[in-house]
Amino acid sequence: MKMLLNGQWVDREEKIEVTDPYDNSVIDTVPSASLDDVETALASAVKGFETTRRMTVYDRAQILYKTAEIISDRLDEFAITIAREGSKTIREARKEASRCVNTITCSAEESKRILGETIPWDSFPGGEKRRGYYYRFPIGVVLAITPFNDPLNLVAHKLGPAIAAGNSVILKPASVTPLSAIKLVEAMLEAGLPENAIQVITGIGSKIGDPLVSDERVRMISFTGGVEAGKHIASKAGIKKIGMELGSDSPVIVWKDADLALAVESCVSGSFWAAGQNCIGVQRLLIHRDIYDEFKTHFVELTNKYKIGDKMKEETDMGPMITEAEAKRVESWVNEAVSKGAKVLTGGTRTGALYAPTVLEHVPPDAAVHCEEVFGPTVNLYPVDDLDKAIAEANSLPYGLLAAIFTSNVDVAFKAAYELDCGGVMINDSTDYRLDSMPFGGVKYSGLGREGLKFSLQEMTEPKVVCFNLPNM
Ligand code: NAP
């Protein structure tokens with residue numbers, strides 16, 4: 001596939017190969033952008049903004065509705081692309097494609113709710129003769145940098161609201177999974193998005209990232225990815241708005257009065273969805289000691305039923321990790337934990353990029369699988385006796401995206417909701433539950449700002465005040 005610069009789909013001699021991590025076959029290539037391409041993208045995006053800022057809300061919404069319709073009509077094609085270039089099974093990929101339709105549709109709807117307010121100028125002496133209001137205006141060129149693990153819907157979470165707000169966008173998709181993103185942009189152009197409203201630049205982040213991120217023509221960076229890249233980008237950005245959706249180590253408390261069957265099913269799915277490469281994937285399960293053994297038995301039983309392998313087969317529950325190197329990293333982290341006293345209850349084996357769903361207990365606090373984001377198909381079980389201590393343990397690491405608790409006691413649920421330090425608390429769901437229109441984001445190293453269409457639109461627009469001085473009034 002090609003990249004989109006200045007309204008043209010262009011290729012380059014230097015290419016990035018896109019491979020299927022299940023069998024390492026090359027699916028396609030994309031151009032590896034040069035620094036000249038970065039300049040073209042920036043200059044064209046500035047031109048594009050002159051068009052998008054003048055588009056009516058009606059036109060923006062119509063383009064987004066039409067985009068959603070195109071994706072919906074070709075759902076299988078999108079799902080196959082997601083499944084082939086990434087880690088997801090075909091069933092997981094279908095879910096992502098249908099969520100993308102919702103994300104784009106909600107962006108269209110939210111474009112109609114970019115509201116301002118009148119200002120009470122007479123609330124301070126001297127303002128009696130003034131009248132006015134504020135309205136929200138598009139922020140300008142938005143640089144969207146996206147990760148591999150939801151290669152379509154997380155791109156939609158940036159492009160949908162950016163276009164809804166009247167911005168132009170430069171999209172830099174993950175180099176391992178650029179194809180779904182390019183297909184989304186093709187759909188937007190087919191739906192009538194004007195030339196130059198969007199640029200897609202494919203290239204290695206460490207090569208083209210700095211000149212994009214540091215350029216003053218970019219007015220907002222909307223980044224989703226890992227903490228290390230996030231820190232680097234923040235250090236280079238200069239004075240511009242930054243939205244960051246970063247990693248986590250999602251804790252889930254299973255209290256003694258929980259619906260055990262619900263908790264087991266939800267947490268197994270939450271641990272191994274997308275082979276654990278999920279920013280809200282369950283990593284730490286804090287289980288009340290009274291039910292620990294029973295929970296553990298059922299959890300391991302259900303994990304053992306997981307079918308891993310060929311992503312394109314309907315019956316497959318879990319596919320490979322994104323690369324063999326990533327699977328080896330997880331393997332080495334599990335081995336490190338075992339060398340420090342952890343016990344593997346199931347899993348712990350690797351074949352190429354396939355790492356078996358792995359359940360650990362007795363994980364020491366200094367093991368990487370405990371204190372770092374694993375971003376792989378492993379989960380740790382810990383017994384807990386006391387709610388305050390369980391909450392303190394959940395809050396003890398430098399992340400805070402989503403947390404969860406299973407309980408039938410409303411007091412316990414409220415206490416957890418108020419005291420867990422994070423961007424959202426799921427009650428009787430694992431952390432792996434997200435509605436695309438809810439405010440989504442984290443505290444501490446999990447991020448800055450919020451996505452979720454209404455909230456992204458706030459971040460991607462700026463209020464401008466209009467004040468009439470009416471001395472003769
Ligand atoms: P990553 O390695 O940080 O890469 C994310 C994106 O940043 C890619 O497009 C990458 O480009 C680009 N990038 C890397 N270095 C850059 C630089 N110096 N300047 C500009 N761009 C740069 O993350 P990933 O492995 O794709 O994704 C996994 C991470 O994303 C996990 O930590 C996960 O928790 C997080 N995530 C968070 C959320 C959320 O909503 N909070 C959602 C999904 C994922 P290349 O691909 O070319 O390197």
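Nothing fancy with the numbering, it's 1 onward along the sequence. All heavy atoms count here, side chains included; hydrogens, waters and symmetry mates do not. Read the numbers this way: they start at 1 and go in the same order the structure lists the ligands and their atoms.
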Give the numbers and elements of all ligand 1 atoms closer than 4.0 Å to a heavy atom of [X].
X      : result
Ile145 : 6 (C), 7 (O), 9 (O), 12 (C), 20 (C), 21 (N)
Leu154 : 42 (C), 43 (C)
Pro173 : 9 (O)
His232 : 18 (N)
Gly203 : 47 (O)
Ala229 : 3 (O), 14 (C), 15 (N)
Gly226 : 1 (P), 3 (O), 23 (O), 29 (C), 30 (O), 32 (O)
Ile204 : 47 (O)

Quiz item: Is it true that the NZ or CZ of Arg434 lies under 6.0 Å from the centre of Phe440's six-membered ring and within 45 degrees of the ring axis?
Solution: yes
Closest protein heavy atom (residue, atom, distance) for [atom]:
atom                    : answer
atom 35 (C) of ligand 1 : Gly225 O, 3.2 Å
atom 47 (O) of ligand 1 : Ser175 OG, 2.6 Å
atom 44 (C) of ligand 1 : Asn149 OD1, 3.2 Å
atom 6 (C) of ligand 1  : Thr146 O, 3.4 Å
atom 20 (C) of ligand 1 : Gly209 CA, 3.5 Å
atom 36 (N) of ligand 1 : Cys279 CB, 3.7 Å
atom 41 (N) of ligand 1 : Leu246 O, 2.7 Å
atom 17 (C) of ligand 1 : Gly205 O, 3.5 Å

Would you say [Y] and [X] are linked by a side-chain donor-acceptor pair, where the criterion is simply a distance under 3.5 Å?
X      : Y      : result
Thr40  : Asn6   : no
Ser34  : Asp37  : yes
His232 : Asp210 : yes
Asp23  : Ser25  : yes

Is [X] close to ligand 1, meaning an N/O of one under 3.5 Å from an N/O of the other?
X      : value
Lys172 : yes
Val213 : no
Phe375 : no

Which one holds for [X] and ligand 1: side chain close, backbone close, both close, or neither close, with close meaning a heavy atom under 4.0 Å?
X      : answer
Pro147 : both
Glu373 : side chain
Leu212 : neither

Self-check item: Ionic contact status for Lys183 with Glu77, cut-off 4.0 Å
Solution: yes
Quiz prompt | Under-4.0 Å protein heavy-atom contact, atom 2 (O) of ligand 1 | solution = no
Quiz item: Heavy-atom contact under 4.0 Å between Gly230 and ligand 1?
Solution: no
Quiz prompt | Greater than 12 external heavy atoms within 6.0 Å of Lys95's NZ | solution = no
Quiz item: Between Phe299 and Phe272, how do the two ring planes meet: parallel, tilted or perpendicular, split at 30° and 60°?
Solution: tilted
